[in-house]
Amino acid sequence: MQGEDPNTPRLSDAIHWMQVYEELITLKDDLLGTARERMQALPEPAAEEIRGSDLVLLGAERDRFVSRLNFWKRRHMELEDLA
């Protein structure tokens, strides 16, 4: 993501990026929940389209954000150990 420096020596940067990714994960969770809820009222072909594309893409994005959050948590622990 723009401005993200995995090699930052600053603990405050790690905290910032953990917060960013936590917010992004929350947003994706909300979008996934809304999509699942609303697709129940759709005809089956439309619901299948949502399951096969939108939920897959949103889930993959969420997984990527979780991976980045985990990176920043590890980086945070590394930087705390150096402090």
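Reckoned from all heavy atoms, side chains included, excluding hydrogens, waters and symmetry mates.
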Closest approach of [X] and [Y], non-hydrogen atoms and distance?
X: Leu32; Y: Gly59; value: CD2-N, 4.1 Å
X: Met18; Y: Lys73; value: SD-CA, 3.8 Å
X: Arg10; Y: Asp13; value: NH2-OD2, 2.9 Å

Test of understanding: with side-chain contact (heavy atoms from CB on, under 4.5 Å), list the residues that count as partners of [X], not counting sequence neighbours.
X: Glu44; result: Ala47, Glu48, Arg51
X: Leu11; result: Ile15, His76, Leu79, Glu80
X: Arg74; result: Asn70, Phe71
X: Ala60; result: none

List for me each residue that meets side-chain hydrogen bond (donor to acceptor under 3.5 Å, both in side chains) alongside [X], sequence neighbours excluded, and say none if there are none.
X: Ser67; result: none
X: Asp63; result: none
X: Thr34; result: none
X: Glu22; result: none

Query raised in the report: What distance separates Thr26 OG1 from Asp30 CG, expressed to the nearest 0.5 Å?
Result: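 Answer rounded to 0.5 Å: 6.5 Å.
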Are [Y] and [X] linked, directly or through intermediate hydrophobic residues, by side-chain heavy-atom contacts shorter than 4.5 Å (ILVMFWY only)?
X: Val56; Y: Ile50; result: no
X: Val66; Y: Leu58; result: no
X: Met77; Y: Leu82; result: no

Is there side-chain contact between [X] and [Y], with at least one heavy-atom pair below 4.5 Å?
X: Ile25; Y: Leu69; result: yes
X: Arg68; Y: Leu24; result: no
X: Phe65; Y: Asp29; result: no

Identify, with sequence neighbours excluded, every residue that meets salt bridge (Lys or Arg N to Asp or Glu O under 4.0 Å) alongside [X].
X: Asp54; result: none
X: Arg36; result: none
X: Glu78; result: Arg75
X: Glu23; result: none

Report task. Going by the side chain to side chain donor-acceptor pair (under 3.5 Å) test, name the single residue among Glu4, Arg64, His16 that passes it with Tyr21. Result ->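 Of the listed residues Glu4, Arg64, His16, the side chain to side chain donor-acceptor pair (under 3.5 Å) partner of Tyr21 is Glu4.
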